[in-house]
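So the structure is just underneath, and the comments pick up after that.
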Amino acid sequence: MTRREELFALARATKGFMPDDEGAALYDAALAACDGTSTPSIVEVGAWCGKSTVYLGAAAEETGAVVLSVDHHHGSEELQEGWADFDTELVDPADGRVNTLPAWQRTIAVAALESCVVGLVGDSPTVARHVRHGVTFCFIDGGHGHDVAWADYRAWVPLLGEGGVLAIHDVFEDPRDGGRPPFELYRHALSTDFTELAATGSLRVLVRSGRGAGE
Ligand code: SAH
Ligand code: MG
């Protein structure tokens with residue numbers, strides 16, 4: 001088994017919301033974006049138990065990149081009790097709150113990706129306000145409510161320079177397949193200086209062209 005196969009197998013076995021083909025496409029896109037870039041940075045917004053983090057970590061390990069994996073680890077609104085994806089195994093008995101940080105840390109440790117994956121535990125727009133340098137690849141898969149999704153977009157997308165790559169998850173053209181906000185972000189990006197590179201399932205990969213530094 002190659003290292004890549006080992007990591008893909010681990011990602012597939014990790015709890016989360018990333019179908020196998022979309023995970024492989026996420027890896028391919030991050031690898032292509034980081035390959036040949038000096039000190040490439042990957043940002044992941046929304047890590048949950050580390051499934052997508054491992055795909056991104058595999059690309060980081062091969063290219064010398066670092067993944068900044070951002071999550072407050074208490075789950076999005078749609079991951080709380082009463083929603084379809086609520087998982088009682090992830091509730092911390094000490095306070096009754098969802099807490100995916102221990103599972104995420106275990107995933108990254110088992111994957112032996114601790115040297116190229118850094119966890120940033122906190123509110124995504126708050127973290128973004130303190131990240132200064134250019135981001136090579138940004139994967140947005142945080143909360144899917146209107147305000148949180150747009151807050152992530154507005155916080156992180158300005159940090160992508162020309163040639164920077166934006167990946168958005170859960171983009172559904174048909175409202176019957178899923179919520180609107182990720183699709184709205186995708187449409188908005190296309191109406192600015194992004195062009196589409198690839199689409200796999202609900203994953204969309206876009207690249208920033210021109211000199212746009214705006215949103
Ligand atoms: N990429 C993951 C799934 C992410 S689920 C996978 O491959 O399985 C969405 C995640 O976004 C949850 O873990 C939730 O805690 C996180 N999240 C939601 N809103 C957030 C915010 N404002 N700041 C940080 N993390 C947030
Ligand atoms: Mg998702």
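If you're wondering where the values come from, they're calculated on a predicted model, not measured in any experiment. Whatever order the structure lists ligands and atoms in, that order sets their numbers, starting from 1. Computation of the quantities below employed the complete heavy-atom set of this structure, encompassing side-chain atoms and omitting hydrogens, waters and symmetry-equivalent molecules.
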Closest heavy-atom pair and its distance - Thr14, Gly50: CG2-C, 4.1 Å
Find out whether Glu44 and Val70 are in side-chain contact, i.e. whether some heavy atom of one side chain is under 4.5 Å from a heavy atom of the other. no
Please confirm whether the ring centroid of His73 lies under 6.0 Å from the ring centroid of Trp48. no
Out of the N/O/S atoms in [X], what is the name of the one closest to the Mg ion (ligand 2)?
X: Asp170; value: OD2
X: Asp141; value: OD1
X: His169; value: ND1

Under 3.5 Å: donor-acceptor pair, side chain of Trp83, backbone of Glu77: yes
Determine yes or no for a side-chain-to-main-chain donor-acceptor pair under 3.5 angstrom, with Asp71 supplying the side chain and Ala47 the backbone. yes
Output, in order, the C-alpha distance, side-chain angles, deciding distance and verdict of side chain to side chain contact (heavy atoms under 4.5 Å, CB included) for Asn99 and Val91. CA-CA 6 Å; Asn99 182 9; Val91 172; over 6 Å; no
Please tabulate, one line per pair, the protein nitrogen or oxygen atoms found under 3.5 angstrom from a nitrogen or oxygen of ligand 1, with distances to 0.1 Å, or say none if there are no such pairs.
{"residue": "ligand 1", "atom": "1 (N)", "partner": "Gly46", "partner atom": "O", "Å": "2.9"}
{"residue": "ligand 1", "atom": "1 (N)", "partner": "Ser52", "partner atom": "OG", "Å": "2.7"}
{"residue": "ligand 1", "atom": "1 (N)", "partner": "Asp141", "partner atom": "OD2", "Å": "2.8"}
{"residue": "ligand 1", "atom": "7 (O)", "partner": "Ser52", "partner atom": "N", "Å": "3.1"}
{"residue": "ligand 1", "atom": "7 (O)", "partner": "Ser52", "partner atom": "OG", "Å": "3.0"}
{"residue": "ligand 1", "atom": "8 (O)", "partner": "Phe17", "partner atom": "N", "Å": "2.8"}
{"residue": "ligand 1", "atom": "13 (O)", "partner": "Trp48", "partner atom": "N", "Å": "3.3"}
{"residue": "ligand 1", "atom": "13 (O)", "partner": "Asp71", "partner atom": "OD1", "Å": "3.4"}
{"residue": "ligand 1", "atom": "13 (O)", "partner": "Asp71", "partner atom": "OD2", "Å": "2.6"}
{"residue": "ligand 1", "atom": "15 (O)", "partner": "Asp71", "partner atom": "OD1", "Å": "2.7"}
{"residue": "ligand 1", "atom": "15 (O)", "partner": "Gly75", "partner atom": "N", "Å": "2.9"}
{"residue": "ligand 1", "atom": "22 (N)", "partner": "Asp123", "partner atom": "OD1", "Å": "3.0"}
{"residue": "ligand 1", "atom": "23 (N)", "partner": "Ser124", "partner atom": "N", "Å": "2.9"}
{"residue": "ligand 1", "atom": "25 (N)", "partner": "His72", "partner atom": "N", "Å": "3.3"}

Can you sort out the partners of Glu173 under salt bridge (charged side-chain N to carboxylate O under 4.0 Å, His left out), two or more places apart, ordered by chain and number? Arg204
State which residue, out of Phe139, Phe8, Tyr55, fulfils the ring pair (Phe, Tyr, Trp, His ring centres under 6.0 Å) condition with Tyr27. Phe8
Would you say His144 has an N, O or S atom lying under 2.8 Å from the Mg ion (ligand 2)? no
